[in-house]
Amino acid sequence: MQVPADRIDKLTRLREAGIAPWPAGSSLPDRERIADLLERADPDAPDGERATATVAGRVASLRDHGNSLFVDLRDDSGRVQVFLRKKALGEERFTLLKEVLDLGDFLAARGELARTRMGETTVFADDVELLSKSLFAPPSEWYGLADVETRLRRRYADLIANPESFGRFRTRSAIVRDTRRFLEDRGFMEVETPMLHAIAGGAAARPFMTHHNTLHLDLHLRIAPELHLKRLLVGGYERVFEIGRNFRNEGLSPRHNPEFSMMEAYWAYARMDDWIESCEELVASLAADHGLHTRGDGEEAEELPRHQVVRGDHVIDFSRPFRRATYAELVREYADADVFDEASVREAAKRHGVEVAGRRLEQVVDDLFGHCVEPHLVDPTFVTHLPLALSPLSKASPDDPRVAERFELIVDGMELANAFSELNDPEDQLARFEAQVAERDPELPAEVDHDYVDALRYGMPPAAGIGIGIDRLVMLLTGAESIREVILFPLLRPRAAGAEDEEAPADAATSDEAAGASPDVAAG
RNA sequence: GGGGGUGUAACUCAGUUGGUAGAGUAACGGCCUUUUAAGCCGUGAGUCCUGGGUUCGAGUCCCAGCGCCCCCA
């Protein structure tokens, strides 16, 4: 994008007047956050007792009245009106300011906090200072920035223009903070395990590849931290967790970004049921504290109780206890199939249009679950007794060897959490790894993680672990329909940046090739 | 990978059957010292995503490509 000529002119005018467009800082003392000022100072105090304050922020609105000027300044705490008058600032300064000031500039202003005739709380400035000149106009405050592509490619513009976006990422931060606090309060220790893995295990997904030069070593970006966190249980820590990024080399969708954030926690001497309790407590409290409880907007806005969260046109009820149902029950209810009967599963798959050819039975079952069951689970539901074949790291249920002591928490059709009693039998684990490798499925590890098996051979206490998808949690609680609304900089095909420079030669090469290949294009 | 949608001024969007490219906001000039989507008068602003084609004439129709969105696999 080109800098408009009028802004270049303004830079020149500023420099001629000896004013730096981007000074190192402000010379006005005691800058206060706008919200703090509005809380501290009384604009209705009698003359002589009113507070004097310095505020600074981005110019969000300009209303020119000739010999005076109203400016709305916005900082990250709020917004306040500043009144600039020729008489208070002096003719020369006032005139220059009016000439060069644009929406989007950063300004500091110092003056008395009082009320205008119209009742607006206002800083009556007797000193102002340009803190940073903007060269591009900000997106329209009134219309916001609606173009999805621009919003994602230029998130900064989205954050300037769209208060919902600005607020949503603050909510995300608060959710992560409170999740961390919840675990710390219960004696969990936060750790950091490697992102670069020689063997990408702990989940079923295609990994990203990378390479370490000096070791001549091919590495994968981790698809899950699970196997390292359990090594720490072997090492003797009893409660560990990690909040961080996982990478899966798969498609993009409103629910999938190639890099996404997970919280994983491992708890020695606990079982799946302990995580049901804790997970429910955590999710319900996050929903109450950070969920979107307002339905509709403007005059028709309706405030819902704190256990109800609005998402799109429906409401999710997070009141405890959450629904509990077994996997087999749900497949029976919604897909009319018997999970443990191959003929029944294949028939149901056909009936519901689920692909069967070339897929393992448990994959077909899982697809059936995803297609027929998940979309119906709107209020939080703990799905228990998942097939053991889908749970290669999980202990079998003592009551039924076909199913795992495992649950998934489904909310609004999305898998939000996954937890199980951890398999700590090294020989069983080795056999399951070997079976995975034998499948030669590109989504499964190509190699057995023998070091992990060895770790189990040292002895891992009985334990239960959980993973919670942070992005999806934020989506659910903030009403976001797409994962891109909760990831600051989601992956997009690169464009613009650099394209302007590289476009020309690239185009020339392509057209040369085309011309060389078929000189008589017009005839065809 | 397949299907559908979409791309017009800095922003939000119109654009009829194919006939000189439009509005509001923002910008620029003017008036106004209590406005708040300030107001009034005036001005400038475009690679209509890109490249072909049809046509006397294409933002509009056709073909190909690109980005983005959605659905499916």
Side-chain angles (χ1 to χ4, degrees), chain A residues 1-10 13 43 59-74 79-91 94-95 98-105 111 114-125 134-154 157-158 160-162 250-256 352-359 363 367 370-371 375 481-485 490-497 499-500 503-504 506-508 510-511 513-515 518 521-524:
Chain A
M1 258 166 81
Q2 283 253 304
V3 176
D6 67 279
R7 303 265 171 146
I8 305 276
D9 291 346
K10 287 174 177 179
R13 261 183 280 177
V59 174
S61 173
L62 272 174
R63 293 177 296 281
D64 181 0
H65 285 259
N67 289 317
S68 70
L69 182 61
F70 290 97
V71 174
D72 290 354
L73 284 191
R74 204 171 75 184
R79 182 180 179 124
V80 72
Q81 175 167 273
V82 175
F83 191 35
L84 307 174
R85 288 155 300 171
K86 186 190 273 184
K87 210 162 106 187
L89 297 174
E91 171 142 19
F94 182 80
T95 307
K98 259 182 59 170
E99 275 176 12
V100 302
L101 196 63
D102 285 301
L103 290 179
D105 292 351
R115 219 177 265 284
T116 62
R117 198 175 297 162
M118 297 301 286
E120 180 80 19
T121 304
T122 299
V123 174
F124 286 77
S134 70
L135 299 181
F136 289 153
S140 151
E141 252 220 344
W142 182 249
Y143 293 107
L145 180 65
D147 180 69
V148 176
E149 188 176 350
T150 310
R151 289 187 44 229
L152 300 181
R153 288 195 191 280
R154 306 194 161 196
D158 177 44
I160 292 170
N162 297 319
E250 293 169 352
L252 288 77
S253 89
R255 293 178 180 193
H256 299 87
H352 295 287
V354 168
E355 185 83 44
V356 176
R359 298 185 66 84
Q363 288 177 321
D367 287 353
H371 277 84
E481 298 288 348
S482 167
I483 196 167
R484 291 168 176 180
E485 299 297 338
L491 183 68
L492 291 180
R493 196 182 297 276
R495 214 188 180 185
E500 282 173 32
E503 212 166 63
D507 276 1
T510 332
S511 16
E513 268 174 40
S518 51
V521 162

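Since the structure is predicted, the reported quantities are computational estimates derived from the model, not experimental observations. Computation of the quantities below employed the complete heavy-atom set of this structure, encompassing side-chain atoms and omitting hydrogens, waters and symmetry-equivalent molecules. Reminder, nothing fancy here: chain letters follow the sequence lines and each chain counts from 1.
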Using a 4.0 Å heavy-atom cut-off across all strands, classify A:L103 as base, sugar-phosphate, or nothing.
sugar-phosphate
Which nucleotide in the list B:U35, B:U12, B:A26 gets nearest to the side chain of A:F70?
B:U35
Side-chain donor/acceptor of A:R117 to base of B:U34, under 3.5 Å
no
Can any side-chain N or O of A:R74 pair as donor or acceptor with the backbone N or O of A:I160 at less than 3.5 Å?
yes
Give the nucleotide from the list B:U12, B:U35, B:A73 with an atom nearest to the side chain of A:H65.
B:U35
Counterpart base for B:U34, defined by Watson-Crick or G-U wobble contacts under 3.5 Å
none
By ring-ring contact (aromatic ring centres under 6.0 Å, His included), A:H352 pairs with (sequence neighbours left out) none
Answer for the Watson-Crick or wobble partner of B:U20, both distances under 3.5 Å, is none
Kindly indicate, with the supporting measurements, whether the criterion side-chain contact (heavy atoms from CB on, under 4.5 Å) is fulfilled by A:Q81 and A:D72.
CA-CA 4 Å; A:Q81 175 167 273; A:D72 290 354; 3.7 Å; yes
Do A:S134 and A:D105 have side-chain N/O donor and acceptor atoms under 3.5 Å apart?
yes
Protein and nucleotides 28-30 of chain B: nitrogen or oxygen contacts under 3.5 angstrom:
residue : atom : partner : partner atom : Å
B:C28   : OP1  : A:K10   : NZ           : 2.3

Indicate whether OP1 or OP2 belonging to B:C71 is found under 4.0 Å from a side-chain N or O atom of A:S253.
no
Does B:C66 have its OP1 or OP2 closer than 4.0 Å to a side-chain nitrogen or oxygen of A:R493?
no
Classify the ring geometry of A:H65 against A:F70: parallel below 30°, tilted from 30° to 60°, perpendicular beyond 60°.
perpendicular
Mate of B:C28 where both pairing distances stay under 3.5 Å, Watson-Crick or G-U:
B:G42
Give one of base, sugar-phosphate or nothing for A:D64, where a contact means two heavy atoms less than 4.0 Å apart.
base
Mind checking who B:A64 pairs with, Watson-Crick or G-U wobble, both distances under 3.5 Å?
B:U50
Just N and O in the side chain of A:R63: are any of them under 4.0 Å from OP1 or OP2 of B:U36?
no
May I ask you to say what A:P254 touches in the nucleic acid, namely base, sugar-phosphate or nothing, with a heavy-atom cut-off under 4.0 Å?
sugar-phosphate
base_contact_polar (B:U35 base, A:T116 side chain, donor-acceptor, <3.5 Å):
yes
RNA chain B contacts among residues 80-87 of chain A, heavy-atom distance under 4.0 Å
A:Q81, A:F83, A:R85, A:K87
Would you mind telling me which of B:C11, B:C68, B:U36 lies closest to the side-chain atoms of A:L145?
B:C11
Would you say the side chain of A:L84 lies within less than 4.5 Å of the side chain of A:V71, judging by non-hydrogen atoms?
yes
A:K98 NZ - B:A27 C1' separation (whole Å):
15 Å
When we call it a touch if two heavy atoms are under 4.0 Å apart, what does A:F124 touch: a base, just sugar-phosphate, or nothing?
base
